[in-house]
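This report concerns only the one structure given below.
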Amino acid sequence: MIAFITGATSGIGQACAFAFAKSGYHLILTGRKQERLEALKQELAAFPVQVLCLCFDVRHREEATKAVESLDEKWRNIDVLVNNAGLALGLEPEYEGSFDDWDTMIDTNIKGLLTMTRLIVPGMVARNRGHVINIGSVAGDVAYANGNVYCATKAAVKALSDGLRVDLVDTAVRVTTVKPGLVQTNFSVTRFHGDQDRAHHVYEGIQPLTGEDIADVVLYAAQAPQHVQIAEVLVLATHQANGFTISRNPDRKESLS
């Protein structure tokens, strides 16, 4: 079994790499930084699986295409595609947002996901076997204050997943959307362009989810019986009700950093 995971060098993607390796999947891991990929590969050497690293940015379609087309025959029969690469940038009103931030989010979260789907799913259809697992977000259900474009990209992930599931209904290829709530990864640090203090406040007064929590759900969906298609999973921290309703208590255990 082969799992192809985008954005594998940190957070949910990295946790998914370990979860699938523990379950005996061979791994194709992608990321933008070669040194991080190689470091992750060394850590995964503890498991009796093969790991192939592909360094490219999902925003760049030509790079992605070249990387996928470079796969040897033994790596081409991909069983699970985890479209994890994604990010949020900025937290401003829509009328004050950064054009560059918008482009990066749209190109990564939507167009990058589409590119990888287009490159890999035809092979699954030809083999009549495979599973696409897209990492969405609770933010894709209802927009929250100043989340505008990020929320829109994650709403698109849901719509694209639902549409792909319809398109594949006559095949045995399954499609799952996993929609996390608050997860403590580098997500907020990235959103605030490296501002650690501002990122820390996102998780104050609540114990957030971890990348491992989401990886558990992803693996569960992948390992469901072939006749079972887990279409969508919303995963929230215990004290989070939706994208903007969160109970914070200073005495509650905080983030795990």
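Computed from a predicted model, the values in this text were never measured in an experiment.
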Measure across [X] and [Y] and return the closest heavy-atom pair with its distance rounded to 0.1 Å.
| X | Y | value |
| --- | --- | --- |
| Leu27 | Ala21 | CD1-CB, 3.9 Å |
| Ile230 | Ala221 | CD1-CA, 3.8 Å |
| Ser23 | Leu219 | OG-CD2, 3.2 Å |
| Val175 | Ser161 | CG1-O, 3.6 Å |
| Asn77 | Ile2 | O-CD1, 3.8 Å |
| Ala237 | Pro208 | CB-CA, 4.3 Å |

Are [Y] and [X] co-members of a hydrophobic cluster defined by side-chain heavy atoms under 4.5 Å apart?
| X | Y | value |
| --- | --- | --- |
| Ile246 | Val202 | yes |
| Val228 | Val166 | no |
| Val51 | Met1 | yes |
| Ile5 | Val132 | no |

Practice item. List the steps, then state whether side chain to side chain contact (heavy atoms under 4.5 Å, CB included) holds for Val157 with Asn83. Key: CA-CA 10 Å; Val157 169; Asn83 274 318; over 6 Å; no
Under the rule for salt bridge (Lys or Arg N to Asp or Glu O under 4.0 Å), what residues qualify as partners of [X], not counting sequence neighbours?
| X | value |
| --- | --- |
| Glu232 | Lys158, Lys179 |
| Arg165 | Asp162 |
| Arg59 | Asp57 |

Point to revise | Pairs flagged by ring-ring contact (aromatic ring centres under 6.0 Å, His included) wherever residues 72-101 is involved - sequence neighbours left out | key: Phe99-Trp102
Exercise for review: Any pair with a residue in residues 8-52 that passes ring-ring contact (aromatic ring centres under 6.0 Å, His included), sequence neighbours left out, goes on the list, sorted by first then second residue, please.
Suggested key: Phe20-Tyr25
Practice item. Could you give me the CA-CA distance, side-chain angles and deciding distance for Val68 and Met116, then say whether side chain to side chain contact (heavy atoms under 4.5 Å, CB included) is met? Key: CA-CA 9 Å; Val68 172; Met116 300 314 302; 4.0 Å; yes
Starting at [atom1] of [X], measure out to [atom2] of [Y] and round the result to the nearest 0.5 Å.
| X | Y | atom1 | atom2 | result |
| --- | --- | --- | --- | --- |
| Arg118 | Leu164 | CZ | CG | 12.0 Å |
| Leu81 | Thr117 | CG | OG1 | 6.0 Å |
| Leu182 | Gln240 | CG | CD | 4.0 Å |
| Cys55 | Leu37 | SG | CG | 5.5 Å |
| Ile78 | Ile120 | CD1 | CD1 | 4.0 Å |
| Cys53 | Leu40 | SG | CG | 6.5 Å |

Would you find a donor on one side and an acceptor on the other, under 3.5 Å apart, between the side chain of [X] and the backbone of [Y]?
| X | Y | answer |
| --- | --- | --- |
| Asn128 | Ala172 | yes |
| Thr171 | Val125 | no |
| Arg127 | Gly123 | yes |
| Thr245 | Asn242 | no |

Could you note down all residue pairs passing salt bridge (Lys or Arg N to Asp or Glu O under 4.0 Å) where [range] supplies at least one of them, sequence neighbours left out?
| range | result |
| --- | --- |
| residues 8-31 | none |
| residues 76-102 | Asp79-Arg129 |
| residues 206-231 | none |
| residues 34-49 | none |

Practice item. Evaluate whether atom CZ of Arg32 has more than 12 neighbouring non-hydrogen atoms of other residues, nucleotides or ligands under 6.0 angstrom away. Key: no
Check your understanding: Checking side chain to side chain contact (heavy atoms under 4.5 Å, CB included) for the pair Asn134/Leu160: CA distance, chi angles, key distance, verdict?
Key -> CA-CA 9 Å; Asn134 293 330; Leu160 291 170; 5.7 Å; no
Do [X] and [Y] come within less than 4.5 Å of each other through their side chains, counting heavy atoms only?
| X | Y | answer |
| --- | --- | --- |
| His193 | Leu89 | yes |
| Leu234 | Asp141 | yes |
| Thr238 | Gln207 | no |
| Thr30 | Phe4 | yes |
| Val58 | Leu113 | no |
| Asn84 | Val218 | no |
| Thr153 | Thr108 | no |
| Arg174 | Gln226 | yes |

Could you tell me which residues satisfy side chain to side chain contact (heavy atoms under 4.5 Å, CB included) with [X], sequence neighbours excluded, listed by chain and number?
| X | value |
| --- | --- |
| Tyr144 | Leu91, Ala139, Tyr150, Cys151, Arg191, Phe244 |
| Val235 | Val178, Leu209, Ile214, Val217, Val233 |
| Ala159 | none |

Exercise for review: Quick one: do Leu29 and Leu44 satisfy side chain to side chain contact (heavy atoms under 4.5 Å, CB included)? Show the steps, please.
Suggested key: CA-CA 11 Å; Leu29 306 178; Leu44 291 167; 3.6 Å; yes
